[in-house]
Amino acid sequence: MKVKLERKISEDSEFQNIIQDLTHNEIVQEMKNYRQHFNTSCYEHCYVASYYCYKICKALKLDYKSAARGAMLHDLFLYDWRVKNNRSGWHAFTHGKTAYENSSKIFELNKIEKDMIIKHMWPVTFALPKYPQTFILTLVDKYCATMESFEEMFSGFSAKNMLRYSYVFLALLIFKRKP
C-alpha cells in the first residue's frame, strides 16, 4: 500500500507544483535525517500528511494550497526528539513553535500556514486552531502517526503467520486443562 500511495502522490502534478519550492529546499530536505515515527522520517511523515490535507481541503473547497504547504512544514523542527539534550521542554508541547520559527526564516507564511504549524498538536497543546485547515491537519497528523506505527508493528506479520498463530491459540484453548 505504501508504494501505491507514494506513486499516487508523485503523479499528482498539481500537488507537486504547490509544494515544489518547499520540497526542493535544502533545509526542508534535512527532515529526511530525523526519524519521526519508527522508520518514517519527518520528511516522509510531512509529505504524506501534506497530501492528505491537500486532498481533504480541496474536496471541502477550502484553501488547499495553504493546507498542503502548512502540513509540509508542520514538523520542521530538525532535531531528534528522542534525545532530551537537543531541545528544551517536552517535544509534544514545543515542536510546533520550533517548526514555525524554522519555517518562517525560510518561507513567507500566510496566516493559515502559521496557524497550522503552531497549533497542529491540539488538543495536546491548548492553543485552539483558528482555521478548518488546522483542525484537518490535527486529525491527519494523528492518523499518519497511527498508520506509521501500525505499519512498523505489524510489518512482520503475514497471512501465513497469522494462520499459524491462530492454530497455536486454538490448540491452547482445546487442550487447556482445568485446575
Query raised in the report: Sequence neighbours excluded, which residues qualify as salt bridge (Lys or Arg N to Asp or Glu O under 4.0 Å) partners of Lys32?
Result: none
Report summary line: Nearest heavy-atom approach of Gly70 to Ile117 is O-CG1, 3.6 Å
Query raised in the report: Taking a hydrophobic cluster as the set of Ile, Leu, Val, Met, Phe, Trp and Tyr residues connected by side-chain heavy atoms closer than 4.5 Å, whether directly or through intermediates, do Leu5 and Ile18 fall within one such cluster?
Result: yes
Query raised in the report: Once you round to the nearest 0.5 Å, how far does CG of Leu22 lie from CD1 of Ile106?
Result: 9.0 Å
Requested in this report: If you link ILVMFWY side chains whenever their heavy atoms are less than 4.5 Å apart, which other residues fall into the same cluster as Leu128? By chain and number, please.
Outcome: Trp122, Phe135
Query raised in the report: Are Tyr43 and Asn33 close enough that some pair of their side-chain heavy atoms sits under 4.5 Å apart?
Result: no
Query raised in the report: Excluding sequence neighbours, so at least two apart, what forms salt bridge (Lys or Arg N to Asp or Glu O under 4.0 Å) with Asp21?
Result: Arg69
Query - Test side chain to side chain contact (heavy atoms under 4.5 Å, CB included) applied to Ser50 and Ile19, step by step - result: CA-CA 9 Å; Ser50 176; Ile19 64 164; 3.9 Å; yes
**Report entry** Atom pair OH (Tyr47) and OG1 (Thr23), whose distance is rounded to the nearest 0.5 Å
**Finding:** 7.0 Å
Query raised in the report: Are Leu62 and Leu139 connected, step by step, through hydrophobic side chains (Ile, Leu, Val, Met, Phe, Trp, Tyr) whose heavy atoms are closer than 4.5 Å?
Result: no
**Report entry** Test side chain to side chain contact (heavy atoms under 4.5 Å, CB included) applied to Leu73 and Asn102, step by step
**Finding:** CA-CA 9 Å; Leu73 300 171; Asn102 291 339; over 6 Å; no
Query - Pairs where residues 119-134 contributes a residue and the test salt bridge (Lys or Arg N to Asp or Glu O under 4.0 Å) is met, not counting sequence neighbours - result: Asp115-Lys119
Report task. Hydrophobic side-chain clustering at under 4.5 Å (ILVMFWY, transitive links): who's grouped with Leu137? Put none if nobody. Result -> Ile112, Met116, Tyr131
Report task. Could you tell me the separation between the NZ atom of Lys55 and the CD1 atom of Ile136, rounded to the nearest 0.5 Å? Result -> 14.0 Å
Requested in this report: State the CD1-CG distance between Ile27 and Leu76, to the nearest 0.5 angstrom.
Outcome: 7.5 Å
Report summary line: Separation between NZ (Lys65) and SG (Cys57), nearest 0.5 Å, reads 13.5 Å
Report summary line: Ala71 and Cys53 have their tightest heavy-atom pair at CB-SG, 3.9 Å
**Report entry** Among Lys58, Glu14, Gln133, side-chain hydrogen bond (donor to acceptor under 3.5 Å, both in side chains) partner for Tyr64
**Finding:** Glu14
**Report entry** Worked verdict on Ser41 versus Met31 for side chain to side chain contact (heavy atoms under 4.5 Å, CB included)
**Finding:** CA-CA 7 Å; Ser41 72; Met31 290 196 300; over 6 Å; no
Requested in this report: Any chance you could measure His120, atom NE2, to Thr134, atom OG1, to the nearest 0.5 Å?
Outcome: 10.5 Å
Requested in this report: Evaluate side chain to side chain contact (heavy atoms under 4.5 Å, CB included) for Met147 paired with Cys144, printing each intermediate quantity in order.
Outcome: CA-CA 5 Å; Met147 296 315 297; Cys144 288; 5.8 Å; no
Query raised in the report: Taking only residues two or more places apart in sequence or in another chain, which ones pass ring-ring contact (aromatic ring centres under 6.0 Å, His included) with Phe107?
Result: none
